[in-house]
Amino acid sequence: MLNENAVIARLLAWYDAHKRDLPFRGTRDPYRVWVSEIMLQQTRAQTVIPYYQRFLQRFPDVQALAQAQEEEVLKLWEGLGYYSRARMLHKTAGIVAQNGFPTTEQGLRELPGIGPYTAAAIASIAFGQPAPAIDGNLTRVLARLYHIEENVRIPSVARQLRRYGENLMPPDRPGDMNQALMDLGATLCVPGTPECDQCPLSQLCVAFNEGEPETLPVLPDARPPRPIPMAVALVTHRDQVLLIQRREKLLHNLYVFALCEGQDDEASAARHLKHLGLSVQAGQPLGSARHVFTHRVWQMELYHFEADAPISVPHGLWATAQQLQALPIPTAMKVARQQALHILSDK
DNA sequence: GTCCAGGTCC
DNA sequence: GGACCTGGAC
C-alpha cells in the first residue's frame, strides 16, 4: 500500500529544508512546548506567535505561571479565544509546579486541558515518544496520503487514522515528524486546493494518484450558528463605564458591557438596566456590531446611557478608560469598547 | 460581507 | 453531540 519508510525519509528531508521558523520551535522544554500547544489548539501559528512571546516573557517558567492571578492570565489571552484554555493552563500550572511534568502520553492526558492531540504533541516533541499528534493538519494529510474516503469523525475511522499515524513515527525523530506533518498540512497540503506540484509526498500519496486529494478529508457538515439579538449598554457616569464580569460559561470571568440578551431595542436595554437597580437617562443609539461564535451569532445594537449615580450591581465594576485597557475583555466587545473609549475621552 | 478551520470538556 | 472564539481567505 504505502511505503512508510519512503514517506518518513522524504518528509523529514523536506522539513529540514523548509520548516517554518516559529518562536516555539527549537526547544524541548516541556513548559514551552505545553504553552505553545495549548495556544495552537484551534488557532493558527501566525496568530499564536505574538501571544506566545508575551506569555513567555511574563511567565518564563511553570512556577511563575502557577503564582499568577487568573485575571492576568486571561488578559494575556485576550483576543485568542476559547478562554477555558487559559483558565485550565493556569489551573494545571499549579499541579505541574507541585508534581513536575508527566513524561508519558498517558500521564499528560490526565492533566486538565490536555486531550489526545496535545498529549501526543508534548510527548513526542518534549520527550521523544512515538505518538502521532492527530490535529486537523494530520487528519487532512493522513486522509489524503492513505486515501480515506469515510467520515473521519466516525470512531473506527479515527482509530484507523491514529494507527496510520503511529506507523509514520520514526523512533529517532517522532517530534520532528509530527511537526513536519503539521507544516505540510499548513503550507502545501492545505484545505481546498492543495499544492501537490510542490509536495515531497505526491508520488507516494494515494489520493493524489487516485486524482482527487482536494475532496479529502470527509468531515460532517457544520451547523450554522443561531442568531441572538443583543442590546449592548454603555452605561457611563462621569469618567467611568459599567463593566460586568461574566459568570456564564461563555466568556467566563471576562468583562463585558451590560448585555441584554434576546432583545436589541433601546426600551429593552433600559428595562434591563432598571432591573439591575440603575437609574439612567434615555439611551442614545451608537450603531451595531456582530460577533460569530461556534454555535451562536450575537447581533448587537449599541446604546449609550448616562447613569444618575454609580450604583454597584452584581459582578459589576465602574471602569475608567485605563481599566478598560487593563481588564480582560473579549473580542466580541471590540466595537463597543472602542465606542466606550471614545465617549470617555470626550468627558 | 461569507465561508472555513480548528481540540477539549461535559 | 453540543458548547466553546477568532481570524484569515476569498
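The chains referred to below are lettered A, B, ... by the order of the sequence lines, with proteins before strands, and numbering in each begins at 1. FYI, side chains are in, hydrogens and waters are out, and symmetry mates aren't considered; it's all heavy atoms of this structure.
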Peer 1: Round to the nearest Å and state the distance from A:F293 atom CZ to C:dC5 atom P.
Peer 2: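 Interatomic distance, CZ of A:F293 to P of C:dC5: 7 Å.
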
Peer 1: Starting the side chain at C-beta, find the nucleotide from C:dG7, C:dC5, B:dG7 nearest to A:T294.
Peer 2: C:dC5

Peer 1: Does C:dC4 have OP1 or OP2 sitting under 4.0 Å from an N or O in the side chain of A:R296?
Peer 2: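 It does, given that an N or O in the side chain of A:R296 lies less than 4.0 Å from OP1 or OP2 of C:dC4.
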
Peer 1: To the side chain of A:D135, which of B:dG7, B:dC9, B:dA5 is closest?
Peer 2: B:dG7

Peer 1: Which parts of residues 243-256 of chain A get close to DNA chain C, meaning a heavy atom less than 4.0 angstrom away?
Peer 2: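 Within residues 243-256 of chain A, the residues near DNA chain C are A:K249, A:L250, A:L251.
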
Peer 1: For A:Q41 and B:dT8, is the shortest distance between a side-chain N/O and OP1 or OP2 below 4.0 Å?
Peer 2: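 For B:dT8, OP1 or OP2 has a side-chain N or O of A:Q41 closer than 4.0 Å.
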
Peer 1: Will you find, in the side chains of A:D239 and A:T320, an N or O donor that is under 3.5 Å from an N or O acceptor?
Peer 2: no

Peer 1: Provide, to the nearest angstrom, the distance between the CZ atom belonging to A:R140 and the C1' atom belonging to B:dA5.
Peer 2: 8 Å

Peer 1: Closest-nucleotide mapping onto DNA chain B: is A:R290 or A:G136 further toward the 5' terminus? I mean the 5' end.
Peer 2: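 By nearest-heavy-atom nucleotide position, the 5'-most residue is A:R290.
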
Peer 1: Ignoring backbone atoms, test whether A:H295 places a side-chain nitrogen or oxygen under 4.0 Å from the OP1 or OP2 oxygen of C:dG2.
Peer 2: no

Peer 1: May I have the distance from A:Q42 (atom CD) to B:dC4 (atom C1'), rounded to whole angstrom?
Peer 2: 12 Å

Peer 1: If you find the nucleotide of DNA chain B closest to A:Y82 and the one closest to A:G113, which residue's nucleotide is nearer the 5' end?
Peer 2: A:Y82

Peer 1: Please report the distance, rounded to the nearest Å, between CE in A:M88 and C1' in C:dC4.
Peer 2: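 Those two atoms, CE and C1', are 10 Å apart.
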
Peer 1: Find the distance A:M182:CE to B:dG7:P and express it as a whole number of Å.
Peer 2: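 About 9 Å, once rounded to whole Å.
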
Peer 1: If you check the A:R44 side chain, which of B:dA5, B:dT2, C:dC5 turns out closest?
Peer 2: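 Comparing B:dA5, B:dT2, C:dC5 against the side chain of A:R44, the answer is B:dA5.
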
Peer 1: Just the rounded figure in Å: distance from P of B:dG6 to CG of A:L80.
Peer 2: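 Rounded to whole Å, this separation is 16 Å.
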
Peer 1: To the nearest Å, give me how far apart CG (A:L161) and C1' (B:dG7) are.
Peer 2: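 The answer, rounded to whole Å, is 15 Å.
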
Peer 1: Among the candidates B:dT8, C:dC5, C:dG7, find the nucleotide nearest to the side-chain atoms of A:P116.
Peer 2: B:dT8

Peer 1: Above 12 or not: heavy atoms from other molecules or residues under 6.0 Å from CD of A:E210?
Peer 2: yes

Peer 1: Is it true that, when you exclude A:N5 itself, more than 12 heavy atoms of the residues, nucleotides or ligands shown sit nearer than 6.0 Å to its CG?
Peer 2: no

Peer 1: Please tell me whether A:S84 and A:R87 have a donor and an acceptor in their side chains that are separated by less than 3.5 angstrom.
Peer 2: no

Peer 1: I want to check one thing: is the phosphate of C:dC5, taken as OP1 and OP2, less than 4.0 Å away from some side-chain N or O of A:T43?
Peer 2: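 For C:dC5, neither OP1 nor OP2 has a side-chain N or O of A:T43 closer than 4.0 Å.
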
Peer 1: Would you say the ring centroid of A:Y82 lies under 6.0 angstrom from that of A:W77?
Peer 2: no

Peer 1: Just to be sure I understand the rule, does A:I114 reach a base, reach only the sugar-phosphate, or reach nothing, if contact means heavy atoms closer than 4.0 Å?
Peer 2: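 The residue A:I114 makes sugar-phosphate contact but no base contact.
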
Peer 1: Are A:F208 and A:L142 connected in the hydrophobic side-chain network, where two residues link if heavy atoms are under 4.5 Å apart?
Peer 2: no

Peer 1: Using a distance-only test with no angle check, is there a side-chain donor-acceptor pair under 3.5 angstrom linking A:Q299 and A:S288?
Peer 2: no

Peer 1: Taking the six-membered ring where the residue is Trp, are the ring centres of A:Y51 and A:F55 under 6.0 Å apart?
Peer 2: no

Peer 1: What is the distance, to the nearest angstrom, from the CH2 atom on A:W34 to the P atom on B:dG7?
Peer 2: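 So the CH2-P distance, A:W34 to B:dG7, works out to 18 Å.
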
Peer 1: Pick base, sugar-phosphate or nothing for A:G79, based on heavy-atom distances below 4.0 Å to the nucleic acid.
Peer 2: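 The residue A:G79 makes sugar-phosphate contact but no base contact.
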
